[in-house]
Asks: 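After the structure tokens below, expect a handful of questions from me.
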Amino acid sequence: MKKFLIIANWKLNGNLKFINKNINLMTKKIDNSLSFCNLSIAPPYVYINYINNFLKNTSISLTAQNVDIHLQGSFTGETSIKMLKDIGIKYVITGHSERRLFHNESNNLVSQKFILIKNNGLIPILCLGETEEQKKYNQTEKIFIQQINNIIKNSNINILNKTIIAYEPVWAIGSGKNANFSEIQKIILFIKKYISSLNKQVAKNIYFLYGGSVNYSNINTFFKKNIINGFLIGKASLEIENFIALVKKTEKIISLLNRS
Ligand code: 13P
């Protein structure tokens, strides 16, 4: 059974006080109560190994928000995949729209990162999302295929096996306006169909997440037909009591779906 994956992307937020409180509450209130969900946290880099020490004997994993393409050397300010592997990080995000926008990350760079993450035994999370403008001009599918093809071209189709693709419409991130289920379903099925046309088994082994204004009140709307395998959550993961409630509600919904 595929577990539902919930990733808290803290982006550039938090401090030691926030982290101590959040980790303490998560380990006490969620860790032992999850059977149908996996929880992962993507904190700012400076805190990642500090948190890692607290999560050692728990079921909660860590996700890196970014990685450099170099393994070591004179690259001031960067973090390598070897370092992430060294401390036991499980997932690494690549292609997040905030990195594409604010750090000029191209499809090519995102591909290089994706391949590097996968080839080093960590699980890449490829974020794909269209802007309002791209949506208006029906470019979503075209730009997603370009990114996927770029990865395959620099490696091969098997590089996508057992990885994660997160659909995160740019217009939905932090806006309070989530994509509705049928929009998400259309995109996920489109990507699945495309990858399936290249390799059926690889397509089956991909996890699909949705991110973009997911919160406690709207999660009920996302669970139909097993299309979405998890959430990537920004803002709603910063309010710890609400986030714990969101995770517990998700666990309950998934457990009921598994029984029916
Ligand atoms: P919000 O949940 O704040 O919309 O952010 C989504 C996101 O970017 C997760 O990576």
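We number each residue from 1, following the sequence as shown. Indexing begins at 1, ligand by ligand and atom by atom, following the structure's order.
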Asks: Can you report which non-hydrogen protein atom sits closest to atom 9 (C) of ligand 1, along with the distance?
Replies: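 Atom 9 (C) of ligand 1 sits closest to the protein heavy atom E168 OE2, 2.9 Å.
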Asks: Distance under 4.0 Å to a non-hydrogen atom of N9: what atoms of ligand 1 satisfy this?
Replies: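 So the atoms of ligand 1 that pass are 9 (C), 10 (O).
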Asks: Side-chain donor-acceptor pair under 3.5 Å between S111 and N150, yes or no?
Replies: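 Side-chain D/A pair, S111 to N150: present.
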Asks: Which residue and atom name correspond to the protein heavy atom nearest atom 3 (O) of ligand 1, and how close is it?
Replies: K235 N, 2.8 Å
Asks: Any heavy atom of G174 closer to ligand 1 than 4.0 angstrom?
Replies: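 Yes.
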Asks: Give the residue, atom name and distance (to 0.1 Å) of the protein heavy atom nearest atom 2 (O) of ligand 1.
Replies: G234 N, 2.9 Å
Asks: Give a yes or no on this: more than 12 heavy atoms of other residues, nucleotides or ligands lie within 6.0 Å of atom CG of L12.
Replies: no
Asks: If you measure from each heavy atom of A172 to ligand 1, is any distance below 4.0 Å?
Replies: yes
Asks: Say whether, by atom type as modelled, one donor and one acceptor occur between the side chain of N120 and the main chain of L122 under 3.5 angstrom.
Replies: no
Asks: Count the heavy atoms belonging to other residues, nucleotides or ligands that lie under 6.0 Å from NZ of K56, then report whether that count exceeds 12.
Replies: yes
Asks: With sequence neighbours excluded, what pairs up with I188 under the side-chain contact (heavy atoms from CB on, under 4.5 Å) test?
Replies: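 In terms of side-chain contact (heavy atoms from CB on, under 4.5 Å), with neighbours along the sequence ignored, I188 is linked to I184, F208, I227, I228.
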Asks: Under 3.5 Å, is there a donor-acceptor pair between the side chain of Q65 and the main chain of A42?
Replies: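 Answer holds: yes.
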Asks: Between H96 and ligand 1, does any nitrogen or oxygen pair lie at a separation below 3.5 Å?
Replies: yes
Asks: Please say whether S175 places an N or O atom under 3.5 Å from an N or O atom belonging to ligand 1.
Replies: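 There is no such contact.
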Asks: Check this for me: F75, atom CZ, are more than 12 non-hydrogen atoms of other residues, nucleotides or ligands nearer than 6.0 Å?
Replies: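 Check passes, neighbour count above 12.
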Asks: So for atom NZ, which belongs to K11, do other residues, nucleotides or ligands contribute more than 12 heavy atoms lying within a distance under 6.0 Å?
Replies: yes
Asks: Just heavy atoms, cut-off under 4.0 Å: does I173 contact ligand 1 by side chain, backbone, both, or neither?
Replies: both
Asks: Would you indicate whether N226, at its atom CG, is surrounded by more than 12 heavy atoms from other residues, nucleotides or ligands within a distance under 6.0 Å?
Replies: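 Open: at most 12 neighbouring heavy atoms sit under 6.0 Å from CG of N226.
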Asks: Provide the number and element of each atom of ligand 1 under 4.0 Å from a heavy atom of S213.
Replies: 1 (P), 2 (O), 4 (O)
Asks: Give the residue and atom name of whichever protein heavy atom lies nearest to atom 5 (O) of ligand 1, and the separation in Å to one decimal.
Replies: K11 NZ, 3.3 Å
Asks: Numbering the atoms of ligand 1 from 1, which are under 4.0 Å from a heavy atom of G212?
Replies: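 Those qualifying, in numeric order: 4 (O), 6 (C).
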Asks: Using a plain distance cutoff, I'd like to know if V214 has any nitrogen or oxygen under 3.5 Å from a nitrogen or oxygen of ligand 1.
Replies: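 No - when backbone and side-chain N and O of V214 are compared with those of ligand 1, no distance drops under 3.5 Å.
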